[in-house]
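Below is one structure, written out as structure tokens; comments come after it.
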2 protein chains.
Amino acid sequence: MVKNAYTPVTAAVGVENALRLLEGRWKLVILFHLFGGRVRRYSDLEKLIPEISQKMLAQQLRQLEGDGIVLRKVYPQVPPKVEYRLSEWGQALCPALDALLTWAELRDS
Amino acid sequence: MVKNAYTPVTAAVGVENALRLLEGRWKLVILFHLFGGRVRRYSDLEKLIPEISQKMLAQQLRQLEGDGIVLRKVYPQVPPKVEYRLSEWGQALCPALDALLTWAELRDS
DNA sequence: CAGAATCCGCCGAGATACTG
DNA sequence: CAGTATCTCGGCGGATTCTG
């Protein structure tokens, strides 16, 4: 498919679908805690994001995992141990978020 | 403020605030119809986005205007005429949306 | 033409309690 | 430790009707 084949509408839909994956009160906070190849356990994230409820943490992680943005690794042991990290595609988000941040900062200047 | 002063959390908040301005079922569709310096009347947007309701079109435009992303120009005449276009800051969104679109497309490849 | 006003259904998200 | 299970409420977004 050619770049210039995009109509305003189809391009909007493409970005909307992308944005939809990032919506959710806590997803970005979680993602930022995983950037740079960092690996975090469920309990790590709970401590890093004190205001989040267990329900929301689990739910947002499930969605991020289902969307292929984060990877989940379970160690079959007692007590349980689960690690989360970004997928390759998840890491590729960095430039886009940087661009958004840059744009946001532009407002004040 | 120095770039490296960002903690994961504050950076997340910055991007979240930016994303919040773009949330809303129809904002991106509207924005894409205004990119490239295009100027559209209210009725133009209604035709370009047939599925949108008048309420939502007006509401999303108000919010985009309030957030300083689009500009609204009223011609005091009968019948009324109102034109919408992107502010300078709104135009600056392009690179960020491009990056997001690029990221979204990466998934298939 | 460019909207404002109203009513309504759905779901995202918080709080709380429980479990393998 | 790493989650599920419920209950609840607020707000987004759709449909419809009315107006300067």
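The chains referred to below are lettered A, B, ... by the order of the sequence lines, with proteins before strands, and numbering in each begins at 1.
Rounded to an integer number of Å, the gap from A:Leu57 CG to C:dG12 P is 17 Å. The distance from atom CZ of B:Arg62 to atom C1' of C:dA4 is 9 Å, rounded to the nearest whole Å. One can place CZ of B:Arg20 at 12 Å from P of D:dC12, the figure rounded to the nearest angstrom. Going from atom CD of A:Gln77 over to atom C1' of C:dG20 covers 15 Å, rounded to whole Å.
Distance alone, capped at 3.5 Å, is enough to place a donor-acceptor pair between the B:Gln60 side chain and the B:Lys27 backbone. One N or O on the side chain of A:Asp44 and one on the backbone of A:Arg41 form a donor-acceptor pair closer than 3.5 Å.
For the side chain to side chain contact (heavy atoms under 4.5 Å, CB included) with A:Leu86, the lone residue among A:Leu93, A:Leu31, A:Val39, A:Leu64 that qualifies is A:Leu31.
Looking at A:Glu16 and B:Arg25, a side-chain N of the basic residue comes within less than 4.0 Å of a carboxylate O on the acidic one, giving a salt bridge.
Among the protein residues, A:Tyr75 comes within range of no part of the nucleic acid, since none of its heavy atoms lies under 4.0 Å from any strand.
One hydrophobic cluster holds both A:Trp89 and A:Leu100 under the rule that ILVMFWY side chains link at heavy-atom gaps under 4.5 Å. A:Val70 and A:Val82 fall within a single hydrophobic cluster, where Ile, Leu, Val, Met, Phe, Trp and Tyr side chains are chained together by heavy-atom contacts under 4.5 Å.
Note that the OG atom of B:Ser53 and the CD atom of B:Glu46 stand 9.5 Å from one another [nearest 0.5 Å]. Note that NE2 of A:His33 is 10.0 Å distant from CH2 of A:Trp26, once rounded to the nearest 0.5 Å.
No more than 12 heavy atoms of other residues, nucleotides or ligands lie within 6.0 Å of CZ in A:Arg85, so this atom counts as exposed by the packing criterion.
For the helix from C:dC1-D:dG20 to C:dG20-D:dC1, the axis fitted to the five pairs at one end and the axis fitted to the five pairs at the other end meet at an angle of 50° (nearest 10 degrees).
Listed by residue number, the members of residues 31-45 of chain B with any heavy atom below 4.0 angstrom from DNA chain D form an empty set.
Between A:Arg38 and B:Pro8, the shortest heavy-atom distance links the atoms NH2-CG, 4.0 Å.
Classification of the B:Tyr42-B:Tyr84 ring pair by plane angle, with boundaries at 30° and 60°, yields tilted.
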Which atoms of nucleotides 13-20 of chain D (N or O only) lie under 3.5 Å from a protein N or O atom, and what are those distances?
unit_1	atom_1	unit_2	atom_2	d
D:dG13	OP1	B:Arg25	N	2.8
D:dG13	N7	B:Lys55	NZ	3.3
D:dG14	OP2	B:Trp26	NE1	3.0
D:dG14	N7	B:Lys55	NZ	3.2
D:dG14	O6	B:Lys55	NZ	2.3

